[in-house]
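Numbering starts at 1 and runs along the sequence shown. One-based numbering, in listed order, for ligands and for the atoms of each.
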Amino acid sequence: MAIFDKQKTAGQGTVLPRHIAIIMDGNGRWAQKRGLPRTAGHAAGAETFRRIAAYCRDLGVEYLTVYAFSTENWKRSQEEVSAIMGLLKKYLEEAIEKMRRENVRIRVLGDTSVLSPELRALIARVEAIDETLTTRTQANLCVNYGGRDEIVRAVRAWASDPEREELSEEVLSRYLYTAGMPDPDLVIRPSGEERISNFLLWQSAYSEFYFTDTLWPDFTEADMDAAIEAYQKRDRRYGGVKLSKKP
Ligand code: IPE
Ligand code: IPE
Ligand code: MG
């Protein structure tokens, strides 16, 4: 029902975001509240991601970009980092099996060069399948991703490109991990934190932000509906003048 309602409004001026980005935060606190190790929170968060990605696909969202592991998250204990990498491995292995059936393309964004050879091989396999899919929805998993790091890398790649064009915003965008994708319309951060934490710094210049206290493992389809509904009420001006509302 909710799906139908949101698609119906699409033709009436309130459109479904093409690109939704999520900072999947609050896994540790979710586990702590239950007296469980933080790693149990990450496992629960991974399940939430599977569910929400399927929901976004059903809604017809074109891009879902999630922050799974930041360039700063290496500061955590080795146990926690390995647990997160283990969950990523499990997810990618499943994706190799199910991607065609599930109809969601998967891309990994970030500096993957420092990940284990095993993970890198899985990412390469997923990306090879990716090229053969013609589905509407793409899920971008940001792993060892940092917005500043991404910009520095883009500038370096541009500077060393023998065919580089004169630098402009549009040209630089082509060297980002998100090259060719629209900027996120909506950035959601659960868990009560209201900061960007080095996520999509360039791309979120005109994104709408939605914050909720819900911890990521508890995030449901209803929370996604609430975020989309809030987004649909926003007036995006991009520095221009407010458009007069139709009577
Ligand atoms: C987000 O949950 C997942 C990662 C950063 C990898 P956290 O692990 O940051 O959970 P909290 O913020 O400690 O609750
Ligand atoms: C941001 O969450 C990174 C991810 C969700 C992967 P953090 O928990 O690392 O961010 P801070 O430390 O609260 O800013
Ligand atoms: Mg956190």
Side-chain angles (χ1 to χ4, degrees), residues 19-53 55-56 63-92 94-95 106-116 119 122-123 138-153 176-178 181 184 186-204 207-220 223-224 227:
H19 185 171
I20 298 179
I22 307 178
I23 301 175
M24 302 191 293
D25 198 15
N27 296 348
R29 279 162 285 169
W30 181 92
Q32 208 168 17
K33 266 174 49 184
R34 287 164 177 75
L36 297 168
R38 293 179 57 83
T39 50
H42 296 310
E47 284 307 318
T48 302
F49 167 66
R50 287 180 177 85
R51 199 162 31 73
I52 294 300
Y55 188 55
C56 286
Y63 296 90
L64 172 69
T65 301
V66 297
Y67 207 2
F69 191 86
S70 75
T71 47
E72 288 73 47
N73 287 147
W74 299 104
K75 292 174 190 163
R76 300 184 179 202
S77 73
Q78 210 208 318
E79 187 201 357
E80 184 168 345
V81 171
S82 337
I84 294 168
M85 295 302 159
L87 288 163
L88 177 64
K89 175 172 172 276
K90 186 165 164 251
Y91 181 78
L92 293 172
E94 270 174 34
I106 293 159
R107 291 276 307 276
V108 177
L109 312 186
D111 174 19
T112 53
S113 70
V114 296
L115 302 181
S116 70
L119 271 176
L122 285 170
I123 293 169
Q138 174 167 321
N140 297 314
L141 293 176
C142 295
V143 179
N144 193 23
Y145 173 90
R148 288 185 171 180
D149 182 62
E150 179 185 34
I151 294 167
V152 169
R153 277 165 196 282
L176 299 173
Y177 296 125
T178 51
M181 305 176 203
L186 171 64
V187 176
I188 301 172
R189 184 164 192 161
S191 91
E193 309 299 349
E194 300 187 353
R195 55 177 169 261
I196 194 82
S197 300
N198 207 9
F199 188 45
L200 302 177
L201 296 182
W202 176 278
Q203 299 86 340
S204 64
S207 301
E208 296 296 330
F209 286 81
Y210 180 84
F211 299 105
T212 169
D213 288 340
T214 306
L215 301 171
W216 174 247
D218 290 328
F219 196 90
T220 62
D223 290 302
M224 184 52 98

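The structure places CD1 of I106 at 11.0 Å from CD1 of I123, a figure rounded to the nearest 0.5 Å. Interatomic distance, CZ of R107 versus CG of N140, reported as 6.5 Å (0.5 Å rounding). With values rounded to the nearest 0.5 angstrom, I23 atom CD1 is found 8.0 Å from L200 atom CG.
At the shortest separation from atom 9 (O) of ligand 2 among protein heavy atoms lies N73 ND2, 2.9 Å. Counting only heavy atoms of the protein, atom 7 (P) of ligand 2 lies nearest to R76 NH2, 3.8 Å. The nearest heavy-atom contact from the protein to atom 6 (C) of ligand 1 is A68 O, 3.3 Å. For atom 14 (O) of ligand 2, the closest non-hydrogen atom of the protein is S197 OG, 2.6 Å. When hydrogens are left out, the protein atom nearest atom 10 (O) of ligand 1 is G28 N, 2.9 Å; that is the closest non-hydrogen contact.
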*Are F219 and T212 close enough, and set up right, to give a side chain to side chain contact (heavy atoms under 4.5 Å, CB included), and what steps lead you there?*
CA-CA 9 Å; F219 196 90; T212 169; 4.1 Å; yes
*asked:* Apply salt bridge (Lys or Arg N to Asp or Glu O under 4.0 Å) to residues E47 and R50 and explain how you reach the verdict.
replied: CA-CA 5 Å; E47 284 307 318; R50 287 180 177 85; 3.1 Å; yes
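Of all atoms in ligand 2, numbered sequentially from 1 with element shown, those under 4.0 Å from a heavy atom of F69 are 6 (C). Every atom of ligand 1 is numbered from 1 in the order shown, and the set under 4.0 Å from a heavy atom of I84 is 6 (C). Which parts of ligand 2 touch I23 is read off a 4.0 Å heavy-atom cut-off, strictly below it: atoms 1 (C), 5 (C). In the vicinity of R29, heavy-atom distances shorter than 4.0 Å reach the ligand 1 atoms 11 (P), 12 (O), 14 (O).
Few gaps surround CZ on R51; more than 12 heavy atoms of other groups in view lie less than 6.0 Å from it. Around the CD atom of E79, the shell of radius 6.0 Å holds no more than 12 heavy atoms that belong to other residues, nucleotides or ligands.
Tested against N27, the residues H42, Q32, R38 include a single side chain to side chain donor-acceptor pair (under 3.5 Å) partner, H42.
With a 4.0 Å heavy-atom cut-off, ligand 1 is reached by the backbone of M24 but not by any atom from C-beta on. At a heavy-atom distance under 4.0 Å, only side-chain atoms of H42, from C-beta outward, approach ligand 1. Counting heavy atoms closer than 4.0 Å to ligand 2, residue R189 contributes side-chain atoms (C-beta onward) but none from N, CA, C or O. If you look at L215 next to ligand 1, there are no close heavy atoms at all, none under 4.0 Å.
In this structure, S191 falls outside the shell of residues with a heavy atom less than 4.0 angstrom from ligand 1. Taking 4.0 Å as the cut-off, R195 counts as a neighbour of ligand 2 on heavy-atom distance.
Considering all non-hydrogen atoms of both residues, W30 and G41 come closest at CE3-CA, 3.8 Å.
Side-chain N/O atoms of R189 and S197 include a donor and acceptor closer than 3.5 Å.
Taking distance alone, with nitrogen or oxygen atoms compared against 3.5 Å, D25 approaches ligand 2 more closely than that limit.
Note on ring orientation: taking the six-membered ring where Trp is involved, the planes of Y63 and H19 are tilted (angle from 30° to 60°).
Contact annotation for atom 12 (O) of ligand 2: protein absent (non-hydrogen atoms, distance under 4.0 Å).
Nearest N/O/S atom of D25 relative to the Mg ion (ligand 3): this is OD1.
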